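It should be emphasised that the depicted structure is a prediction, and the values quoted were computed from it without experimental measurement.
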Amino acid sequence: MIYDGSMLATFKHIFTPRTSNNRHPRIIHPEGLLALSILTITFQFALKFATLHTPLGNVLGYSSSITSSKVLEQINAQRSESGLVPLVTNGKLEQAAIEKGKDMMEHGYWAHISPEGKDPWQFIQAQKYTYTSAGENLAKDFAETEAMIRAWMNSPTHRANILDTRFTETGIAVVDGQLDGVETTLVVQMFAHPSQQIAIITEPDIAQATRTSESTELTPELFLQSSPNAQPSMGKNLNPDVMSAQVVAVEDAKLAFLSPLQISKAVFLAVITLLIIVLLYDAYLERKYHTIRNVGKNIAHVSFLLFVGILIVILKGGTLL
Amino acid sequence: MTRSKNTHAILLEYLVLISALLIFGVFIFLYQKDQVYRDAMVVLLGSFYVAWGVAHHIRHARLTLRIVLEYVFVALLGCLMLATMFL
């Protein structure tokens, strides 16, 4: 059949082997594959643009089931497995975590240190909380608490904070909102051990987001002795407003039903499925009619694309800091 | 090379391909939270696939520029999807 330009002929020309396409579907010619690659990258940037600069961004949310109580429960389960005492919630640390999350949303950054140079310890100190050691773990775009905790535990620096024997108190905030125009969920966890004395700040180790402050009034021995005397708050001073703010944030998150990541995954899987069907059909016809041609190996392409498709399905969104 | 030896060699090459894909998959999955590492593994994966295709065609079929391009663009498409999914 000669390619005559009709819609059906065009469809067959693109997706099935014919004389018009040299017995090889046009979509798996180098030109067709290049066109698909260009369309892929164009689609991704269009999606990114749409979420940032159009009203579409308001509906492309990120639905998260993470709550601070679940995070605390699972962090303490990890500590218990390692024979460590569980962390207790401190209202001031919790407020510091919330302020840090809000600050990232409002100023559009994703880092331990804000663009203005504000480090995590300043958020803790702003709550009049003094400490002998402190740490911060961050996570964003995780849909489930389990996946986030697993990612933290697989990261040496985050794991070190979670299993740090010095920390006795924590504050966790799950903050929903827009970061760079995209609906997302940020999780901020502050770790600390309280001090009875005013701490003097030393150079923080920002790379690990863990710092130990030193007091000039304490020798190392005294420092060790003072730690057990520092009474954690046992969550009694948890601010009710803070609790309700988090509940509202989680309720809002449930309104969001589709994330840019989910859209990308769906589109990519559709393209891969289409290509695999075309390749398998082409291989079937090649074998059936003993077509002689010099092209790439369909089975190899199918294996590669199938593998990419599986990775697209199992890879999760979410990043740590 | 006899027909059976040729078939055996082709099967072995596909076994290498599948094994390598699985190994790359495990590494990409384990280090998926590390963007630099993940992207580096994705680029290596694409490069390996093109190299496998070229080697396979040199040994068992005729290699042309269009065939090389076919492998390059299949690899490019897959790698672009994996690398840009989290943009």
Side-chain angles (χ1 to χ4, degrees), chain A residues 22 24 28-41 43-45 47-48 51 139 141-142 147-148 150-152 154-155 158 260-261 264-265 267-269 271-272 275 279 294-297 299-312 314-321, chain B residues 10-11 13-38 41-42 45-46 48-50 52-57 59-87:
Chain A
N22 209 18
H24 197 45
I28 49 177
H29 278 231
E31 296 84 355
L33 292 164
L34 176 63
L36 272 180
S37 300
I38 293 170
L39 279 175
T40 298
I41 198 87
F43 165 79
Q44 273 302 87
F45 281 105
L47 184 63
K48 178 85 175 173
T51 52
D141 285 349
F142 283 90
M148 187 193 74
R150 201 161 47 241
W152 271 350
N154 286 335
S155 159
H158 297 87
L261 178 63
S264 297
K265 282 188 171 193
V267 171
F268 290 169
L269 287 175
V271 171
I272 285 176
L275 277 177
L279 285 163
N294 194 30
V295 294
K297 298 297 176 188
I299 298 303
H301 294 336
V302 168
S303 304
F304 180 79
L305 291 171
L306 196 62
F307 165 80
V308 171
I310 291 169
L311 278 179
I312 287 172
I314 63 175
L315 291 182
K316 304 287 183 188
T319 52
L320 303 178
L321 210 58
Chain B
I10 289 173
L11 282 176
E13 284 179 21
Y14 273 94
L15 190 65
V16 168
L17 174 65
I18 301 295
S19 304
L21 290 179
L22 287 173
I23 292 167
F24 275 114
V26 168
F27 275 99
I28 291 171
F29 181 77
L30 288 180
Y31 294 95
Q32 60 179 299
K33 304 303 174 193
D34 184 334
Q35 190 186 348
V36 175
Y37 192 90
R38 188 184 67 218
M41 291 303 291
V42 167
L45 165 71
F48 168 81
Y49 184 65
V50 174
W52 182 92
V54 169
H56 180 80
H57 278 263
R59 284 171 60 88
H60 303 288
R62 206 154 53 97
L63 183 67
T64 63
L65 178 62
R66 285 188 70 79
I67 289 175
V68 175
L69 288 177
E70 191 176 317
Y71 280 94
V72 166
F73 290 132
V74 167
L76 180 69
L77 181 64
C79 292
L80 274 177
M81 287 179 174
L82 290 173
T84 65
M85 192 165 64
F86 300 109
L87 270 182

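Applying the side chain to side chain donor-acceptor pair (under 3.5 Å) test to every pair with at least one member in residues 15-30 of chain B, sequence neighbours left out, gives no pairs at all. The side chain to side chain donor-acceptor pair (under 3.5 Å) contacts involving residues 31-41 of chain A comprise A:Glu31-B:Arg66, where partners must be two or more places apart or lie in separate chains.
A:Asn154 contributes atom CG, which lies 7.5 Å from atom CG of B:Leu30 (distance to the nearest 0.5 angstrom). Rounding to the nearest 0.5 angstrom, the gap separating the CD1 atom in A:Ile314 from the CZ atom in B:Phe29 is 5.0 Å. Taken from CG in B:Leu80 to CD1 in A:Ile41, the straight-line distance is 5.0 Å, to the nearest 0.5 Å. Taking CG from A:Leu315 and CG from B:Leu82, the interatomic distance works out to 6.5 Å, rounded to the nearest 0.5 Å. Rounded to the nearest 0.5 angstrom, B:Leu22 CG and A:Ile310 CD1 are separated by 8.5 Å. Between atom CG of residue B:Leu76 and atom CG of residue A:Leu33 there is a gap of 9.5 Å, rounded to the nearest 0.5 Å.
Atom CG of A:Asn22 sits in a sparse spot, with 12 or fewer heavy atoms from other residues, nucleotides or ligands closer than 6.0 Å. The local environment of CZ in B:Phe27 is sparse, with at most 12 non-hydrogen atoms from other residues, nucleotides or ligands closer than 6.0 Å.
Residues B:Ile67 and A:Gly296 approach most closely at CG1-N, 4.2 Å, considering heavy atoms. The minimum heavy-atom distance linking A:Phe307 with B:Leu21 is given by the pair CE1-O, 2.6 Å. Here the shortest heavy-atom pairing between B:Val74 and A:Phe304 reads O-CE2, 3.5 Å.
Put simply, the side chain of B:Leu77 reaches to within 4.5 Å of the side chain of A:Leu275, judged on heavy atoms. Between A:His29 and B:Glu70 the shortest side-chain heavy-atom distance does not fall below 4.5 Å.
At a 4.5 Å heavy-atom cutoff, the contact between B:Ile18 and chain A is made by side-chain atoms alone. Of the atoms belonging to B:Leu17, it is side-chain heavy atoms, and not backbone ones, that fall under 4.5 Å from chain A.
A ring-ring contact (aromatic ring centres under 6.0 Å, His included) with A:His301 is found for one member of B:Tyr71, B:Trp52, B:Phe73 and no other, namely B:Tyr71.
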Given B:Met81 and A:Ile272, is the side-chain contact (heavy atoms from CB on, under 4.5 Å) satisfied, shown in steps?
CA-CA 10 Å; B:Met81 287 179 174; A:Ile272 285 176; 3.7 Å; yes
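A donor-acceptor pair under 3.5 Å is formed between the side chain of A:Gln44 and the backbone N or O of B:Thr84.
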